[in-house]
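First the structure, in the form of structure tokens, and then the observations on it.
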Amino acid sequence: MDPRFTELLRPFLKLAGPEEITITPETDLRRLGVDSMQAIELLFTLEDTFGIALPDEEMNDATFATAGTLWQAIARQLPDQSAEVSA
């Protein structure tokens, strides 16, 4: 995962607690407080930062389930096809 991605994600993890957590591909976004409204805000932030648009078919609970699934959806849209898609 891109370091910019994990840093952008961190403020949306409201239930992560006061300590700094390590964001891994398995990090459960819902469990850490990313609800549907925050997912929309997060989406806009990611699209602006990475200069992409997530297709409608990627706008689902499975995409926003973990940091890894979200990163894979973002990475597939990056203009540089050599970008590492694996989480």
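All residue numbers refer to positions in the sequence shown, counting from 1.
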Of all the heavy-atom pairs spanning [X] and [Y], show the shortest one and how long it is.
{"X": "Arg4", "Y": "Thr49", "answer": "NH1-O, 4.2 Å"}
{"X": "Leu54", "Y": "Glu47", "answer": "N-OE2, 2.8 Å"}
{"X": "Ile52", "Y": "Gln77", "answer": "CG2-O, 3.3 Å"}

Quick one: are Phe5 and Ile23 in side-chain contact, heavy atoms under 4.5 Å? no

Does any non-hydrogen side-chain atom of Asp2 lie less than 4.5 Å from one of Phe50? yes

Between Leu46 and Leu9, does a side chain to side chain contact (heavy atoms under 4.5 Å, CB included) hold up when you go through it step by step? CA-CA 9 Å; Leu46 292 168; Leu9 187 55; over 6 Å; no

With Thr66, which residues qualify under side chain to side chain donor-acceptor pair (under 3.5 Å), at least two apart? Thr69

Full working for side chain to side chain contact (heavy atoms under 4.5 Å, CB included) between Phe12 and Thr45: CA-CA 11 Å; Phe12 290 90; Thr45 300; 4.0 Å; yes

Hey, is the main chain of Ile21 close enough, under 3.5 Å, to the side chain of Arg10 for a donor-acceptor pair? yes

Thr27 side chain to Thr24 backbone, donor-acceptor under 3.5 Å: yes

Which pairs would a plain distance check flag for residues 31-38, meaning a side-chain donor or acceptor within less than 3.5 Å of a matching protein atom at least two apart in sequence or in another chain?
| from | atom 1 | to | atom 2 | distance (Å) |
| --- | --- | --- | --- | --- |
| Asp35 | OD1 | Met37 | N | 3.2 |
| Asp35 | OD1 | Gln38 | N | 2.8 |

Show me, pair by pair, the donor-acceptor contacts under 3.5 angstrom made by side chains of residues 56-65, not counting sequence neighbours?
| from | atom 1 | to | atom 2 | distance (Å) |
| --- | --- | --- | --- | --- |
| Glu58 | OE1 | Thr63 | OG1 | 3.3 |
| Glu58 | OE1 | Arg76 | NH2 | 3.3 |
| Glu58 | OE2 | Arg76 | NH2 | 3.0 |
| Asn60 | OD1 | Ala62 | N | 3.0 |
| Asn60 | OD1 | Thr63 | N | 2.8 |
| Asn60 | OD1 | Thr63 | OG1 | 3.1 |
| Asn60 | ND2 | Glu57 | O | 2.9 |
| Asp61 | OD1 | Arg30 | NH2 | 3.2 |
| Thr63 | OG1 | Glu58 | O | 2.7 |

Nearest-0.5 Å distance, CG of residue Leu70 to CG of residue Leu43: 8.5 Å

